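Each remark here refers to the structure printed beneath this line.
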Amino acid sequence: MSQASFLNRQGLHLRPDPARVIVRPFKPATEPRDLNPTDKMRANHIVDRVLALSSEAVAVQLADVLDNFQGRHRNLLERFETRADEMEDAFAKHGVFSKTQRQLVGAYFLSEYSFEASALFNPSIVPHPDQSGAPKGGSRFIISLRAVGEGHVSSLTFRTGTIAADGSLAVDPTARLASVPRITHRVSGPDGDRVELMFRPEEDLSERVIFPITESQSNGIEDARFVKFNDGDRAVYYATYTAYSGRAIRSELIETSDFMSFRLTPLRGAAAHNKGMALFPRKIGGRYAMIARQDNENLYLLYSDDLYTWEGGGGVPLLKPQFPWEFVQIGNCGSPIELDEGWLLLTHGVGPIRKYSIGAALLDKRDPSRVLARSAEPLLRPEPSEREGYVPNVVYTCGAMRHNDRIILPYAVSDTFSSFATIRISALIEAMQG
């Protein structure tokens with residue numbers, strides 16, 4: 001079967017680049033457990049060996065490290081010192097480090113990590129908060145992407161680009177360097193840690209990588225569904241994402257207004273123990289609304305007075321598998337998009353041989369529990385050139401956006417790389433079945 005005639009694939013791809021690396025903590029232990037007495041002994045052996053070096057030898061070794069790694073990271077000496085400070089609780093009592101000793105010790109407890117060596121996929125797209133320099137009649141956008149590196153650990157990274165008046169897309173060049181943020185605030189609670197992060201202003205948006213921080217995220221921050229949320233005169237960007245500990249999943253929420261500072265908060269309630277939640281871009285009837293899959297098969301509509309608490313018991317059944325290409329299960333493909341005709345909800349369906357395709361449904365604007373129309377055939381299915389990858393036969397997205405008379409749809413190809421398509425809204429609405 002051919003693709004929908006009103007969908008236009010763009011010749012634009014975002015592929016993983018193993019040359020992009022961050023520095024992350026290293027400790028002589030099997031991650032992610034804490035150091036046991038034997039591990040601490042090994043750490044102190046490292047410290048003793050550094051302290052046994054002459055000051056000249058320390059300087060030579062530090063210079064060698066910098067010669068190898070300085071051009072690959074920002075503020076490396078500062079990072080070395082910070083890491084040495086972080087390790088102090090594991091160190092035995094020792095003399096005061098000189099500045100160069102502290103820097104060299106810190107270097108021994110860091111490692112490079114190629115965070116997108118394996119995959120760069122499951123994108124979502126939102127308007128850029130800064131529209132200066134946008135093309136006439138066009139717009140600037142931000143793409144969020146799930147990056148996967150060694151050990152199948154997922155992190156969150158970004159790209160920027162522009163949409164021209166005619167709907168053509170361009171992605172800005174990716175920065176050579178990559179950086180993780182500093183933690184400015186962290187509070188533990190019964191549902192997990194709430195964390196606030198800050199990047200430096202001089203770091204390009206494509207440099208910024210949000211790597212797992214808390215125990216619930218230790219194996220991945222997966223599939224962020226960003227949406228620009230309008231709350232009166234205030235606009236903020238939210239993203240639900242799946243936190244994966246290696247044993248369990250849960251839904252958490254990112255919020256930002258500038259993509260420089262971020263807050264990551266665990267969600268509470270029975271619904272938060274599932275994945276794939278997508279927030280409406282504004283309140284419905286004075287309440288927050290979310291599309292979620294509560295039973296691994298069907299889609300539900302949830303309401304809450306509290307953005308951070310989502311109970312599953314009151315969910316309204318919304319969509320169930322109806323067509324052969326989605327008989328296994330359906331899920332959302334990001335936050336609903338507000339149109340004159342209603343809420344456009346992109347969906348994914350799983351069919352024979354676990355083939356993933358993207359479809360759509362139209363929901364009533366005032367009462368989103370009413371389904372007005374639905375696509376009987378996929379809008380997008382894997383082309384022959386898109387079938388091979390880490391997970392074959394998959395196209396998937398975590399969110400699209402409207403620009404004038406088009407939907408801008410970034411999508412992942414076989415859990416490996418990302419591409420783009422555009423859809424004419426009028427033709428899509430006409431093709432959907434009521």
Side-chain angles (χ1 to χ4, degrees), residues 4 6-7 122-126 223-230 238-240 251 271 274-285 287-295 297-304 310 315-323 325-326 329-350 356-381 395-403 406-412 421-434:
F6 47 80
L7 182 140
N122 290 4
S124 72
I125 185 171
V126 289
D223 302 343
R225 287 160 158 79
F226 271 89
V227 62
K228 182 180 180 181
F229 189 89
N230 296 301
Y238 291 118
T240 54
S251 286
N274 293 282
K275 64 195 305 185
M277 302 178 75
L279 184 68
F280 277 73
R282 61 173 174 84
K283 291 182 178 180
I284 307 294
R287 307 180 75 194
Y288 296 101
M290 192 90 79
I291 300 292
R293 189 173 63 203
Q294 299 297 291
D295 57 7
E297 184 178 6
N298 308 298
L299 281 176
Y300 292 78
L301 174 64
L302 308 178
Y303 288 101
S304 179
W310 296 88
V316 178
L318 186 66
L319 293 170
K320 62 182 181 180
Q322 180 176 343
F323 304 108
W325 57 274
E326 59 184 12
Q329 67 186 45
I330 58 173
N332 73 69
C333 276
S335 294
I337 300 168
E338 188 166 10
L339 307 177
D340 294 339
E341 295 85 355
W343 294 104
L344 177 65
L345 175 65
L346 296 178
T347 64
H348 66 264
V350 183
Y356 275 68
S357 302
I358 296 174
L362 188 67
L363 312 179
D364 185 82
K365 192 177 291 192
R366 291 188 177 181
D367 178 10
S369 67
R370 291 184 59 230
V371 179
L372 304 179
R374 193 166 173 180
S375 58
E377 294 293 335
L379 312 182
L380 188 71
R381 66 180 85 226
V395 289
Y396 192 92
T397 183
C398 286
M401 65 176 273
R402 178 183 185 173
H403 177 68
R406 292 178 174 86
I407 298 298
I408 310 302
L409 174 66
Y411 67 95
T422 58
I423 302 170
R424 287 201 172 271
I425 294 172
S426 58
L428 169 60
I429 298 298
E430 185 177 342
M432 295 171 72
Q433 294 184 355

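Since the model is a prediction, treat every value here as computed from it, not as a measurement.
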Q.
Is there a side-chain contact (heavy atoms from CB on, under 4.5 Å) between I425 and L344? Walk through the geometry before answering.
A. CA-CA 10 Å; I425 294 172; L344 177 65; 5.9 Å; no
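Taking each heavy atom of W325 and E377 in turn, the nearest pair found is NE1-CA, 3.8 Å. Across every non-hydrogen atom of L302 and G315, the tightest pair is CD2-CA, 3.3 Å. Of all the heavy atoms in V395 and I358, the pair that sits closest is O-CG1, 3.9 Å. Here the closest non-hydrogen pair linking S124 and C398 is CB-O, 3.4 Å. Shortest non-hydrogen contact noted between A427 and F6 is CB-CB, 3.4 Å. What you find for R225 and N332 is that their closest heavy atoms are NE-OD1, 2.8 Å.
Once rounded to the nearest 0.5 Å, the distance linking CG of L319 with CG of L363 reads 6.5 Å. Between the CH2 atom in W310 and the CG atom in L279 there is a gap of 6.0 Å [rounded to 0.5 Å]. Here the straight-line distance linking atom CD1 of I330 with atom OG of S357 works out to 13.0 Å at 0.5 Å rounding. Here I125 contributes atom CD1 and M401 contributes atom CE; the two are 5.5 Å apart, rounded to the nearest 0.5 Å. For the atom pair CZ of R406 and OG of S426, the computed distance is 10.0 Å after rounding to the nearest 0.5 Å. Expressed to the nearest 0.5 Å, how far CG of L428 lies from CD of E341 amounts to 9.5 Å.
A side-chain contact (heavy atoms from CB on, under 4.5 Å) with W343 holds for exactly one of L372, D364, I284; it is I284. Test F229, F280, Y303 against Y288 for ring pair (Phe, Tyr, Trp, His ring centres under 6.0 Å) and you get one pass: F229. Among K320, R374, R381, the single residue meeting the salt bridge (Lys or Arg N to Asp or Glu O under 4.0 Å) criterion with E326 is R374.
Heavy-atom neighbours of R287 CZ from other residues, nucleotides or ligands within 6.0 Å: above the threshold of 12.
Side-chain contact check for L299 versus L345: some heavy-atom pair is nearer than 4.5 Å. Using a 4.5 Å cut-off on side-chain heavy atoms (C-beta onward), P336 and I291 make contact. Annotation: side chain of L380 is not in contact with side chain of T397 (no heavy-atom distance under 4.5 Å). L7 has its side chain out of reach of T422: every pair of non-hydrogen atoms, C-beta onward, lies at least 4.5 Å apart. Using a 4.5 Å cut-off on side-chain heavy atoms (C-beta onward), L301 and S369 make contact.
For the pair T240 (side chain) and M277 (backbone), a donor-acceptor distance under 3.5 Å is present.
Taking the six-membered ring wherever Trp is involved, the centroid distance between the rings of Y356 and Y411 does not fall below 6.0 Å.
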